[in-house]
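What follows is a short report on a single structure.
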Amino acid sequence: MVTAEKPALPGKLGQLGAVVEEALGRLLPPSSERPESVHRAMGYALTSPGKRLRPVLTLVVAEIFGLRQRRVLEIACAVEMVHASSLILDDLPCMDDAALRRGRETTHRRFGESVALLASFGLLNLAFATVAERGQELKMRRYGTEDMVHHLAAAIGSGGLIGGQALDLESRPEDLDLELMEYIHSHKTGALFLAAGELGAMAADARRRDLEVISRFAKNLGLAFQISDDLLDVLATSEETGKDSGQDEEKATFVKLLGVEGAQALASELLEFAVSSLDPLGRRADPLRQIALFVRDRGR
Ligand code: GRG
């Protein structure tokens, strides 16, 4: 039996989500300033009630390697801006044609398609401007701001979200194939989790081998998260998830390939692998273990 999607993360992770929430509002251009319609749509998409899992991942990773959360907060917000930008595009009539997102009407339904598109690109560019500006204040020794910008750009490009989305849109249930599924999920969703973890580690000037540990964790977490999302698409109602259910009917998904129990087993396996990759970090990685537990419970 699936549990209802919880709007917020549990415990300390939830508190971090609230800190992100508050900061997002401050980073937005004022909606009283031109172009008002685009600014209003950017605010609508960015501050609507999401879980903030990706920016929380950035904050948690940075703290593990000794960086105070407030020093990486805006970079974490940039990751959420990219996520919000991608949700606007994903919901458009030419993509998933969704009516509902985060319990509200989708951005294009509220503001029209042209404003929604501009708001998506507005958020994307605000994200890069934020990383470029804030990265310089961190004075990292092992990495430069350009490394952060590069990792974020790579996560979004045709080798990342865009690539995964393209094949997701083209895939049909008859294309069911484990390798294709893995490509789609790890690109359209895993890539931003990967960047979220990497940006946190780079901001904290983590050693290269620690950055690799985080990359391995985040990659597997992201893939498991997308499987849990596919499970919710078939197991939960749209009141529970805040978005249209049954969106994946025409697509190839892990749930179609492996069945509900098979997909749950695969997600658990990926999460176990993700958690075991944290061993070199010891107890200080416990908040990441909590995130993995949250993702595991979400798809059950
Ligand atoms: C150019 C930014 C950009 C993207 C172009 C449209 C696109 C390519 C990619 C879509 C990627 C996408 C929306 C993947 C689905 C990821 C996913 C599981 C979303 C739901 O995430 P949650 O549950 O949502 O964290 P909340 O609402 O809690 O933030």
Side-chain angles (χ1 to χ4, degrees), residues 4-9 13-14 17 20-21 24 42 44-58 76-98 100-104 106-108 116-128 152-171 183-196 221-233 236 238 240-245 247-248 251 253-255 267 291 294-295 297-299:
E5 174 78 317
K6 295 171 191 70
L9 299 168
L13 300 174
V20 168
E21 191 96 29
L24 289 173
M42 286 167 70
Y44 179 81
L46 186 65
T47 62
S48 57
K51 290 179 287 302
R52 317 302 179 201
L53 183 54
R54 295 154 190 81
V56 165
L57 178 60
T58 306
C77 288
V79 174
E80 183 68 11
M81 288 172 199
V82 172
H83 174 54
S85 164
S86 78
L87 295 180
I88 297 176
L89 298 181
D90 191 44
D91 290 337
L92 286 172
C94 59
M95 300 231 184
D96 277 1
D97 193 14
L100 199 64
R101 170 71 69 181
R102 294 175 167 175
R104 300 181 181 178
T106 46
T107 308
H108 67 273
L117 256 178
L118 294 170
S120 173
F121 290 118
L123 286 171
L124 201 53
N125 284 286
L126 185 59
F128 280 107
L152 194 57
I156 300 164
S158 59
L161 264 71
I162 291 175
Q165 179 76 351
L167 291 203
D168 190 33
L169 290 169
E170 287 166 17
S171 77
Y183 176 92
I184 293 173
H185 286 42
S186 62
H187 286 73
K188 88 167 183 176
T189 306
L192 196 53
F193 276 81
L194 178 62
L221 180 78
L223 192 49
F225 185 80
Q226 180 59 55
I227 297 174
S228 73
D229 209 66
D230 290 352
L231 281 160
L232 286 174
D233 186 73
S238 69
E240 288 166 331
T241 61
K243 54 187 184 177
D244 304 333
S245 289
Q247 283 286 98
D248 297 341
K251 290 184 185 168
T253 67
F254 272 114
V255 179
I291 291 180
F294 169 78
V295 172
D297 293 345
R298 182 174 184 255

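We count ligands from 1, going down the list as the structure has it; atoms in each ligand are counted the same way. Sequence positions, counted from 1, serve as the residue numbers for this chain.
A distance-only check finds a donor-acceptor pair linking the side chain of R102 to the backbone of A45 [under 3.5 Å].
For the side-chain contact (heavy atoms from CB on, under 4.5 Å) with L192, the qualifying choice from H187, E80, R54 is R54, the only one to do so.
Using a 4.0 Å cut-off to heavy atoms of F225, the atoms of ligand 1 that qualify are 18 (C), 21 (O), 22 (P), 23 (O), 25 (O). Annotation for ligand 1: atoms under 4.0 Å from non-hydrogen atoms of D90 are 6 (C), 13 (C). Listed by number with element, the atoms of ligand 1 under 4.0 angstrom from any heavy atom of R298 are 23 (O). Counting the atoms of ligand 1 from 1 in the order shown, those under 4.0 Å from a heavy atom of R54 are 17 (C), 19 (C), 21 (O), 22 (P), 25 (O). Near S85, meaning under 4.0 Å from one of its heavy atoms, ligand 1 places the atoms 2 (C). Close contacts between ligand 1 and I156 involve ligand atoms 1 (C), 2 (C), 3 (C) [criterion: under 4.0 Å to a heavy atom]. Using a 4.0 Å cut-off to heavy atoms of R102, the atoms of ligand 1 that qualify are 26 (P), 27 (O), 29 (O). Listed by number with element, the atoms of ligand 1 under 4.0 angstrom from any heavy atom of T189 are 14 (C), 15 (C), 16 (C).
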- [ ] Quick one: do R104 and S48 satisfy side-chain hydrogen bond (donor to acceptor under 3.5 Å, both in side chains)? Show the steps, please.
- [x] CA-CA 8 Å; R104 300 181 181 178; S48 57; 4.9 Å; no
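With respect to the salt-bridge test (charged N to carboxylate O, under 4.0 angstrom), the residues R298 and D229 qualify.
The aromatic rings of F254 and H185 sit perpendicular to each other, their planes meeting at more than 60°, with 30° as the lower class boundary.
Scanning all heavy atoms of the two residues, the minimum distance from V82 to A127 falls at CG2-CB, 3.7 Å.
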